[in-house]
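From a predicted model like this one, the values you see are computed outputs, not experimental measurements.
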Amino acid sequence: MLAVPEMGLQGLYIGSSPERSPVPSPPGSPRTQESCGIAPLTPSQSPKPEVRAPQQASFSVVVAIDFGTTSSGYAFSFASDPEAIHMMRKWEGGDPGVAHQKTPTCLLLTPEGAFHSFGYTARDYYHDLDPEEARDWLYFEKFKMKIHSATDLTLKTQLEAVNGKTMPALEVFAHALRFFREHALQELREQSPSLPGKDTVRWVLTVPAIWKQPAKQFMREAAYLAGLVSRENAEQLLIALEPEAASVYCRKLRLHQLLDLSGRAPGGGRLGERRSIDSSFRQAREQLRRSRHSRTFLVESGVGELWAEMQAGDRYVVADCGGGTVDLTVHQLEQPHGTLKELYKASGGPYGAVGVDLAFEQLLCRIFGEDFIATFKRQRPAAWVDLTIAFEARKRTAGPHRAGALNISLPFSFIDFYRKQRGHNVETALRRSSVNFVKWSSQGMLRMSCEAMNELFQPTVSGIIQHIEALLARPEVQGVKLLFLVGGFAESAVLQHAVQAALGARGLRVVVPHDVGLTILKGAVLFGQAPGVVRVRRSPLTYGVGVLNRFVPGRHPPEKLLVRDGRRWCTDVFERFVAAEQSVALGEEVRRSYCPARPGQRRVLINLYCCAAEDARFITDPGVRKCGALSLELEPADCGQDTAGAPPGRREIRAAMQFGDTEIKVTAVDVSTNRSVRASIDFLSN
């Protein structure tokens, strides 16, 4: 079974069929000392996937960073008491005298591009800059989703600051992660002066589950640049999927720590006004109670009361509604150990809270003109940030049962800039516009009816509900009993009311943790202490390589025929490693063997392909694309070395790939010497 020589390579990997053969290099292909190839070996049966228990590195503390679109924070726990989660110091900022357990995802760099501040400090300092001076500073906010939306993400991808200037995205993310690293390590030193060196810290970074492999690798590269971990100790960093982290945390909760939305009070809809799930679960608890032994075992295993009452195999959905995305995952509770099994691949979309902000911006464009808003953002970037902050404050008070209108402050610079640009004031603009639900108040503010505010939520909220309903219609998800609503946007009473109204009638119990905005952060800490808790995941895509197969008339298309040395081959065959939606256990390995094509060869490189379909036949099929490259780095002293039973240059390198973790991983070993070979998969260099 042979890898297709996309870059002038030739060779094979040992596979499941003897009908595969070496691939000739295309005419004119470049060949250099560092070019990569695989030389023919006698094909043999590919070993079946094996499950290997992940090796746990030694560490003293887990530090998790929840890097959100709108807000971020960190938390930690010590290995000696893993479930005692310590939240970071509260951040001063925002409203006077108010402390927060997260800080805005805002980064401020000097005009020279040096780090200045992050979070509330960055936002407040930028607010106080002179308008002309602010135009030279680089202020980044809500930049996380640019990584997800970039279709050609690389290490050279640029991010645009609010003043229009650009900077490498990798440096922007590294500045932010370095800020959290320094704060976390300082706090750890103060709490535990005897804590060993930084190498005993396991770091966890959260990312949306719908992020593809390039975005995950990008976050890892940013962590390397920020100094969280080194490439040599890559296992010190875990990538946690946000809805998975929330699920891990929710399974620890007691009934009194959860809120049942079906018990909503008819008031303003704030979290504290709804009754606890405790009372509504009493009757169901008696019906679901199993044997005393099984329940006691679960509670003693660290599983919360709610899970102890659930039947073996019960299914539930976690809807992580954050600032940039909605992320859905479906888990099945496995007993007796309380591990989790993913039932359907992670899904979701760009339906986060920033969608409401964009709707407000579009409203301003309707009133004041799209060209004016664009000019104002470019020439008065700090004032635009002030306006978005003012809207954010009012957005958080919106509720389905709110009766009064909301006032939104316009910065003086907005009012003054509009008069200079248009020759009349903003009140005139409001009277002339077709928007009749926004008025000008005598206090010099935009006065918006509560119905108008709720209308800004509707496109985003509708997208979330449609995604959940589509997921629930899948056959793999039948029998779901619970929906956990988590994430920062889940604090919104508008979203809670809409989800309950749409899904409550289906008999689905919609539940919100008390500390809904910190669910992912706390869950990421628990995940870092026990990453094996999610035992089975679903592959989001089909992955494989291109190979040659023996040509079979009638089965293979004539245009794929290649004749070499009198033998007939079918080119571009898609040899699958794992299929989309396939269940893959943690530690399960897919093994292939490769061999250098030439003595002295330093590197073996094999292109990887992926697609959403499960039944793709060729790497040229619609939807199949090159997504990365598997690289095997050979030690100079070993290249071309003669080994017993193998001619020079024909040494076998066995690679083992794992698709059941949060990242695709690969290891490799030289079969003849049993020495490890440096192996990696690069998804960022296409």
Exercise for the section: Kindly write out the residues that satisfy side chain to side chain contact (heavy atoms under 4.5 Å, CB included) with Asp661, not counting sequence neighbours, or none if the list is empty. Expected result: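 Residues passing side chain to side chain contact (heavy atoms under 4.5 Å, CB included) with Asp661: Arg537, Leu586, Lys665.
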Problem - side chain to side chain contact (heavy atoms under 4.5 Å, CB included) partners of Lys345, counting only residues at least two apart - result: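 Partners of Lys345 under the side chain to side chain contact (heavy atoms under 4.5 Å, CB included) test: Arg538, Glu581.
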Practice task
Kindly give the heavy-atom pair with the smallest separation between Val317 and Leu472, and that separation in Å.
Solution key: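 Heavy-atom minimum between the residues: CG2-CD2, 4.1 Å.
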Problem - Nearest atoms (heavy-atom pairs only) where Tyr139 meets Ala122 - result: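 Result for this residue pair: CE1-O, 3.9 Å.
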Exercise for the section: Give a yes-or-no answer on whether the side chains of Gln529 and Ser77 include a donor-acceptor pair shorter than 3.5 Å. Expected result: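 The criterion, which ignores hydrogens and geometry beyond distance, is satisfied for Ser77 and Gln529.
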By side chain to side chain donor-acceptor pair (under 3.5 Å) - contacts of [X] (at least two apart):
X      : answer
Asp327 : none
Thr325 : none
Thr70  : none
Thr206 : Asp66

Looking at residues at least two apart in the chain, or sitting in another chain, which of them share a salt bridge (charged side-chain N to carboxylate O under 4.0 Å, His left out) with [X]?
X      : answer
Glu190 : Arg89
Glu171 : none
Glu342 : none
Arg189 : none

Taking NZ, NE, NH1 and NH2 as the nitrogens, is one of them in [X] or [Y] under 4.0 Å from a carboxylate oxygen of the other?
X      : Y      : result
Lys144 : Glu242 : yes
Arg396 : Glu392 : yes
Arg220 : Glu663 : yes

Practice task
Output every pair passing ring-ring contact (aromatic ring centres under 6.0 Å, His included) with a member in residues 219-243, not counting sequence neighbours, ordered by first then second residue.
Solution key: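 Non-adjacent pairs meeting ring-ring contact (aromatic ring centres under 6.0 Å, His included): zero.
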Quiz: residues 518-527 side-chain donor-acceptor pairs under 3.5 angstrom, not counting sequence neighbours:
unit_1, atom_1, unit_2, atom_2, d
Thr519, OG1, Asp515, O, 3.2
Thr519, OG1, Val516, O, 3.2
Lys522, NZ, Asp515, OD2, 2.7

